[in-house]
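Bear in mind that the values here come from a model prediction, so they are computed numbers and not experimental data.
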Amino acid sequence: LHAPKERPPCHFLPSSPTKTRETMGNSPSSTRRAFDYDLVVVGAGSAGLTAATFASDLKARVLLIERRSVLGGDCTWNGCVPSKALIAAAHAASASRGSKAREFFGRRGGGGVDASTGKEAGAFVRRAREAVYSQETPEVLLKEHGVETCFGEAVFESDHVVRVGASETFSFWKCVVNTGSRPVVPKEFLDGVPYDTNETIFDDPPASGTSLAVIGGGPIGAELAQACARLGADVVVFAGKRGLLPRERPDARDVVVKAFEDDGIECVRAPKDRASAVVAAKVVESDGGSAERSLAFDTIEEEEEEGDSSLQQQKKQTRRFDRVLVAAGRECVTVPSLVDVVGLKVDPKKGGFVVDPTTLLIRSSESESSSSKGGRSTKTKNSSIYAAGDCIAAGPQFTHVAGVQGYLAARNALLPGVEDASHTLDVFRVPRVTYTDPEVGSVGLADVETAARVLRLPSCKFHVVKWTAEKNDRALCEAEPPTSFVELVLQLTHGGKVARIVGGTVVAARAGEMLSEIAVIAHHKLTTLQVAKTIHPYPTFSFVIMLMCSKDATARFLDKSLAGRYFKSSFAAGRGKAQSNDKKAPAGEGKQLQQQRNHNNNNDKTTTAAKSTKPVAEEATTKSTKKTSASS
């Protein structure tokens with residue numbers, strides 16, 4: 001896939017002009033139509049596809065350049081799509097096994113997973129990838145959007161000219177660079193040891209009878225570890241010093257750790273003074289003659305508190321594994337010619353492009369050149385090349401973030417000033433989901449500390465509403481763990497009368513689906529009353545969001561509004577009076593008192609009925625008298 005014998009042909013429109021205008025290199029004053037293309041997009045991942053299709057829908061002339069032989073980027077081939085397909089296959093393979101089978105059938109199921117399960121799961125992953133790719137091929141982009149594609153390595157000759165391959169040169173007015181990221185591999189202890197990454201694991205997933213070591217406890221490592229374990233592999237996760245899913249809240253992490261224990265996954269946490277528990281690795285020969293990976297690592301035997309510091313007892317161990325999966329993070333991929341030739345800036349620590357957060361223009365390097373007028377020093381300012389996606393040094397590396405950045409970069413490049421500068425990517429409202437079982441998702445200002453730090457409103461107070469799965473009917477029907485929960489963070493205004501939802505966290509089987517609603521609510525800063533008035537279908541997992549908001553809105557009406565306090569005191573007084581009368585009654589007379597109340601109520605009903613029938617009877621008598629008089 002990544003090393004084809006022959007590159008696929010470039011897909012150009014039949015009426016395209018000749019792509020050899022090499023004289024447009026340093027002509028910022030030239031008109032847009034003087035260039036071969038209005039927009040050149042380098043990289044065909046999520047950001048690149050979004051930027052190219054959006055620009056083409058604006059009727060701009062667009063060229064999409066991809067260094068690999070297929071479009072789609074990591075998301076389609078090595079990331080989101082294959083990982084979710086593998087997770088679905090693993091869930092189906094383990095549907096009759098584990099703790100949930102015991103909830104449904106009263107026993108722990110058996111069977112269902114063997115040595116062929118991994119191959120079958122790999123075949124399903126390939127089918128899923130091909131199905132997704134069929135919607136984003138060069139032929140589809142050319143037919144449906146008019147986007148032209150060209151395969152090869154992009155080399156920039158100036159800030160308006162790019163060369164692909166040995167001879168094809170294209171001039172452009174604007175450019176969006178989306179070169180993505182790649183997995184970080186700790187070479188210090190994996191040198192010479194075969195390993196897998198997300199770029200290779202999906203072609204042959206580990207299954208029954210295979211021992212797998214996962215280096216890294218982040219979202220990628222956690223998702224693939226649980227999927228491989230459910231396919232039958234013996235999995236050990238070597239996490240960092242903060243343990244599994246270090247960016248998530250402790251109560252959310254605890255739920256996932258418990259689920260891993262139920263799936264038979266062992267988690268090894270690194271000591272506090274190191275980033276990884278693994279210290280060495282080598283290849284050894286097993287008794288059967290096959291090659292195995294021997295990992296030496298440190299484990300924390302116990303942790304004791306002594307004053308303000310904690311003491312960790314470490315123990316060195318060595319264990320053999322059939323395969324090693326590296327999921328220790330990702331690093332940005334950039335274009336060297338943009339740095340060397342065009343002079344754009346790259347962050348020295350993170351390795352990604354440094355961009356303007358509003359426009360996504362790549363900043364120029366800090367080097368200064370002497371001007372010919374008066375000897376003043378000036379900086380060359382980039383005005384034509386933008387960046388989007390994982391190649392940006394700052395910001396979260398998510399597919400949905402890359403798509404939004406691709407749109408923003410193309411919009412700012414082709415339609416500057418169409419929308420105000422405030423319409424930028426707000427990182428505090430970016431949803432994130434880890435697709436373990438249960439899923440863990442959060443969006444917005446998901447905890448009180450973050451909300452107070454970001455909003456910086458001294459007079460503003462915050463409130464947290466948290467419901468567990470025991471209050472969710474759908475969760476009970478599907479045997480969700482009682483530790484699953486939904487939590488909303490509320491910003492209180494107007495003396496606590498109004499509660500606006502600014503973020504939330506969901507730990508549940510459908511956390512990703514539930515989080516979409518919370519993301520919309522937090523983005524538009526809706527109140528709990530507004531959400532409570534929105535009818536939700538029952539029984540769904542999201543129905544609990546409406547219940548939580550209804551309860552909060554009712555409590556605020558009763559406690560904070562004048563009418564609510566009046567009704568609350570009136571009802572409370574009536575209830576208290578009735579209870580006091582019951583307490584004053586002698587022992588044994590409570591039943592008689594209740595019978596007397598029922599008797600009085602019946603008398604009241606009889607009296608009311610008599611009063612209501614009396615006018616009718618009088619009217620009938622009057623009519624009869626009049627009739628008799630008339631006949632006489």
Side-chain angles (χ1 to χ4, degrees), residues 1-3 43-47 66-90 118 121-130 132-133 178-187 190 193-207 210 212-231 233 235-240 244-247 265 276 278 293 321-333 351-352 389-391 396-402 432-437 439:
L1 178 64
H2 300 292
S46 173
E66 170 57 42
R67 64 181 177 85
R68 294 188 284 190
S69 59
V70 289
L71 307 182
D74 276 343
C75 179
T76 301
W77 300 102
N78 308 319
C80 309
V81 172
S83 65
K84 303 312 165 282
L86 184 66
I87 290 171
F124 174 74
V125 169
R126 288 189 289 273
R127 293 196 300 271
R129 287 193 297 199
E130 292 296 337
V132 172
Y133 183 61
N178 328 268
T179 45
S181 61
R182 57 178 167 241
V184 175
V185 179
K187 294 290 187 179
L190 281 178
V193 177
Y195 57 85
D196 288 297
T197 65
N198 66 298
E199 296 178 351
T200 59
I201 193 70
F202 299 112
D203 295 330
D204 183 20
T210 303
L212 174 67
V214 179
I215 300 178
I220 298 176
E223 291 179 7
L224 296 181
Q226 190 178 42
C228 294
R230 292 187 169 186
L231 290 174
V235 181
V236 178
V237 178
F238 295 94
L244 197 67
L245 301 180
R247 294 185 179 181
I265 302 173
S276 175
V278 180
R293 287 79 169 161
F321 298 92
D322 296 318
R323 298 176 66 175
V324 173
L325 170 64
V326 178
R330 302 187 66 80
E331 60 184 2
C332 304
V333 176
D390 290 1
C391 64
Q397 293 181 331
F398 296 131
T399 297
H400 45 283
V401 172
R432 70 172 187 265
V433 182
T434 301
Y435 297 91
T436 51
D437 185 13
E439 298 175 355

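The distance from atom CD of E223 to atom CG of L245, rounded to the nearest 0.5 Å, is 9.0 Å. Summarising the geometry, atom CD1 belonging to I220 is positioned 10.0 Å from atom OG1 belonging to T434; distances are rounded to the nearest 0.5 Å. Rounded to the nearest 0.5 Å, atoms OG1 (T197) and CZ (F202) are 9.0 Å apart. Atom CG of residue D204 and atom OG1 of residue T210 lie 8.0 Å apart, to the nearest 0.5 angstrom. Annotation: the span from R293 atom CZ to F321 atom CZ amounts to 12.0 Å, rounded to 0.5 Å. With values rounded to the nearest 0.5 angstrom, L231 atom CG is found 11.0 Å from Q226 atom CD.
Remark: Y195 engages no residue in a ring pair (Phe, Tyr, Trp, His ring centres under 6.0 Å) (not counting sequence neighbours). Checked against side-chain hydrogen bond (donor to acceptor under 3.5 Å, both in side chains), N178 has no partners two or more places apart in sequence or in another chain.
The shortest heavy-atom contact between N198 and I201 is CA-CG2, 4.1 Å. Across all non-hydrogen atoms, the minimal contact from R432 to R247 is NH2-O, 3.2 Å. Nearest heavy atom pair, residue G389 against residue A402, reads CA-CB, 3.7 Å. Residues R182 and V333 share a closest heavy-atom pair of NH1-CG2, 3.6 Å. Summarising the geometry of D74 relative to R68, their closest heavy-atom pair is N-NH2, 3.3 Å, with the distance given to 0.1 Å. Considering every non-hydrogen atom in both V326 and V184, the closest pair reads CG1-O, 3.5 Å.
Between H400 and S46 the shortest side-chain heavy-atom distance does not fall below 4.5 Å. The closest side-chain heavy-atom distance from V185 to L190 is below 4.5 Å.
Checking side-chain atoms of E199 against main-chain N and O of N78 turns up no donor-acceptor pair under 3.5 Å. With hydrogens and angles disregarded, no donor-acceptor distance shorter than 3.5 Å links the side chain of T179 to the backbone of C391. In terms of modelled atom types and a separation under 3.5 Å, the side chain of W77 and the main chain of P82 share no donor-acceptor contact. Side-chain atoms of T76 do not come within 3.5 Å of backbone N or O of G73 as any donor-acceptor pair. A donor-acceptor distance shorter than 3.5 angstrom exists from the side chain of R330 to the backbone of S181, with no hydrogens or angles considered. E439 places no side-chain N or O within donor-acceptor distance of the main-chain N or O of V433, the cut-off being under 3.5 Å.
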(request) Decide yes or no on side-chain contact (heavy atoms from CB on, under 4.5 Å) for L224 and L86, but give the supporting numbers first. (result) CA-CA 8 Å; L224 296 181; L86 184 66; 4.2 Å; yes
